[in-house]
Amino acid sequence: MASLKISILLTIFVLAVESRELLDQMQPLPVRHEQWMAQYGRVYKDATEKQHRFEVFKANVKLIEAFNAAGDHKYKLGTNKFADLTNDEFKAIYNGYKGKTTSRASVFMYENFTAAPLSIDWRVKGAVTPVKDQGQCGCCWAFSAVAATEGIHQISTGKLISLAEQELVDCDVKGEDEGCNGGLMDDAFTYLVKNHGLTTEANYPYTGTDGTCNTKKAAITAASITGFQDVPANSEAALLKAVANQPISVAIDAGDYSFQLYSSGVFTGECGTDLDHGVTAVGYGTDTDGTKYWLVKNSWGSSWGENGYIRMERDIDAQEGLCGIAMMASYPTA
């Protein structure tokens, strides 16, 4: 019943998006740009910058409308809050996974797990906090690690607590992790073990900038982990076993323009395996047309994608998974 309700709500959401897009397309582009600026609170420093951003917006709108008009895709693009950025600008600002190939742990606690359901949504099970927004700080790695930690803490204790990404940004700076300049989820988990946990978001609020570690706040831990494990690389079957048991940190190649401007549907876009973004797999399922997908929580706010989420095609021919989703997955242990 819960899955049916989510399916109905998703259909309503998609229809609402499509209706809004049709109305938008009836407006002249300068008017649409002004409306878009108002919607997302965008303010430019002067007329020169505004004109430049309008030209980028116009080019993206042309791309979006041509893509959607083709009608042969399982997903749609839209004029979201990134519509006035070039793809290079977008990648430089919002994708902060370092893409470093780290040594993979040999232990995989779900290796012999055979009871995976046909679909699962950890949001329905109460193990996922509302979508957050990293802003213009390349700390996706922190949001991914925190979401996975929030998930396992809820599963093991029954309590869902919003934890502090800012603590990782400020305090986890002695290894590969460099706050807004990028990092790795495994290193974040290592910090959590050494610090004996993480404090709450309420105690250590997110600022979206690099700051000085507040050791007093960081000492007030609200959730802890015993360690972390890596999912065997290049195996969507192994990833499914893991996601069936808890939300999982995954790295993906999110550099393509179609990811930047994704609006709705099952993403089947062109992307490689140049891992540059950390997100969290919080479920999986099958669309009404039979397309299998991963349910992925992003950290670009709820206005992006399907209320902050993206459904990415699952079980593709490439062993790395779409956009490399099966290459560098890991999870904290309770």
Side-chain angles (χ1 to χ4, degrees), residues 13-14 16-70 73 75-97 131-140 143 180-182 206-210 252-265 267 269-272 274 276-279 296-310 323:
F13 169 76
V14 171
V17 169
E18 290 177 348
S19 298
R20 186 176 68 243
E21 288 175 350
L22 287 173
L23 289 173
D24 287 345
Q25 290 175 21
M26 297 171 64
Q27 300 285 349
L29 269 174
V31 174
R32 291 170 64 178
H33 185 226
E34 291 287 350
Q35 293 173 339
W36 176 88
M37 288 174 59
Q39 179 181 356
Y40 293 105
R42 186 75 84 252
V43 178
Y44 302 121
K45 64 180 181 181
D46 54 33
T48 300
E49 183 189 13
K50 182 178 180 180
Q51 182 60 33
H52 171 64
R53 289 297 155 199
F54 171 69
E55 294 300 327
V56 175
F57 177 84
K58 182 168 65 174
N60 280 334
V61 167
K62 182 178 179 180
L63 184 154
I64 290 165
E65 293 182 352
F67 179 92
N68 291 343
H73 306 286
Y75 65 102
K76 289 182 176 288
L77 305 182
T79 50
N80 60 29
K81 64 179 181 179
F82 303 129
D84 72 338
L85 296 175
T86 67
N87 188 241
D88 286 341
E89 290 171 331
F90 167 78
K91 289 186 290 186
I93 297 171
Y94 293 98
N95 294 353
Y97 180 78
V131 170
K132 304 178 184 182
D133 193 343
Q134 69 187 69
Q136 294 188 6
C137 172
C139 61
C140 56
F143 282 83
C180 293
N181 292 317
Y206 185 67
T207 65
T209 59
D210 290 315
I252 58 175
D253 181 343
D256 189 72
Y257 74 88
S258 58
F259 206 98
Q260 171 186 345
L261 301 171
Y262 167 80
S263 175
S264 62
F267 182 78
E270 297 293 330
C271 54
D274 184 13
D276 61 5
H277 189 48
V279 289
V296 176
K297 182 185 185 184
N298 204 347
S299 53
W300 294 339
S302 59
S303 67
W304 178 87
E306 293 180 338
N307 295 319
Y309 290 83
I310 183 171
C323 305

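Quantities reported herein were computed from a predicted structural model and do not represent experimental measurements. When a residue number appears, it is its place in the shown sequence, counting from 1.
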* Are Glu55 and Gln51 linked by a side-chain donor-acceptor pair shorter than 3.5 Å? -> yes
* **Under the disulfide bond (SG atoms under 2.5 Å apart) test, residues paired with Cys140 that sit two or more places apart** => none
* Keeping the roles fixed (side chain from Asn80, backbone from Gln260), state whether a donor-acceptor pair exists under 3.5 Å. => yes
* Evaluate side chain to side chain contact (heavy atoms under 4.5 Å, CB included) for Val31 paired with Gln35, printing each intermediate quantity in order. => CA-CA 6 Å; Val31 174; Gln35 293 173 339; 3.7 Å; yes
* Do Tyr97 and His277 have ring centres separated by under 6.0 Å? -> no
* Asked: Which pair of non-hydrogen atoms, one from Glu89 and one from Leu85, has the smallest distance, and what is that distance?
  -> OE1-CA, 3.5 Å
* To do: Give a yes or no on whether a salt bridge exists between Glu34 and Arg42, defined as a side-chain N under 4.0 angstrom from a carboxylate O.
  => no
* To do: Decide, yes or no, whether a salt bridge links Arg32 with Glu65 under the criterion of side-chain N to carboxylate O below 4.0 Å.
  => yes
* From CG (Asp84) to CD (Glu49), nearest 0.5 Å -> 8.5 Å
* For the residue pair Trp300 and Trp304, does the interplanar ring angle fall in the parallel (under 30°), tilted (30 to 60°) or perpendicular (over 60°) class? -> perpendicular
* Asked: Phe259 and Tyr94: aromatic ring centres closer than 6.0 Å?
  -> no
* Donor-acceptor contact present, side-chain Glu306 to main-chain Tyr309, <3.5 Å -> no
* Asked: Judged by atom type as modelled, is there a donor-acceptor pair below 3.5 Å linking the side chain of Asp276 to the main-chain atoms of Ala254?
  -> yes
* To do: Hey, could you give me the OG1/CZ distance between Thr48 and Arg53, rounded to the nearest 0.5 Å?
  => 12.5 Å
* To do: Quick one: pull up CG in Leu261 and NZ in Lys76 and give me the separation to the nearest 0.5 Å.
  => 14.0 Å
* Would you confirm whether the ring centroid of Tyr75 sits within less than 6.0 angstrom of the ring centroid of Phe67? => yes
* Structure fact -> Distance col, row Asp210:CG vs Cys180:SG, nearest 0.5 angstrom, shows 4.0 Å
* Just by modelled atom types, is the Leu77 backbone N or O under 3.5 Å from a matching donor or acceptor in the Asn68 side chain? -> yes
* Asked: Take atom NZ in Lys81; do more than 12 heavy atoms of anything else shown fall under 6.0 Å from it?
  -> yes
* Asked: Side chains of Ile310 and Asn298: does their closest heavy-atom pair fall under 4.5 Å?
  -> no
* **Any side-chain donor near an acceptor of the partner, Asp88 and Thr86, under 3.5 Å** => no
* To do: Without swapping roles, check the side chain of Asp253 against the backbone of Cys323 for a donor-acceptor pair under 3.5 Å.
  => no
* Report yes or no: do Asp133 and Tyr206 form a side-chain donor-acceptor pair below 3.5 Å? => no
* Is the gap between the ring centers of Tyr257 and Phe90 under 6.0 Å? -> no
* Asked: Does Asn87 use its side chain to pair, donor to acceptor, with the backbone of Gly255 at less than 3.5 Å?
  -> yes
* Shortest non-hydrogen separation from Ser263 to Gly78 and the atoms involved -> CB-N, 3.6 Å
* Between the side chain of Tyr262 and the main-chain N/O of Gly265, is any donor-acceptor distance below 3.5 Å? -> yes
* Using a 4.5 Å cut-off on heavy atoms from C-beta on, say whether the side chain of Asn60 contacts that of Phe82. => no
* Heavy-atom check, side chain of Tyr44 versus side chain of Met37, under 4.5 Å -> yes
* **Ser258 versus Gly269, closest heavy-atom pair with distance** => OG-CA, 4.4 Å
* Sequence neighbours excluded, which residues qualify as disulfide bond (SG atoms under 2.5 Å apart) partners of Cys139? -> none
* Are any non-hydrogen side-chain atoms of Lys45 and Lys50 less than 4.5 angstrom apart? -> no
* Where is the tightest heavy-atom contact between Val131 and Asn307, given as atom of each residue plus distance? -> CG2-O, 3.5 Å
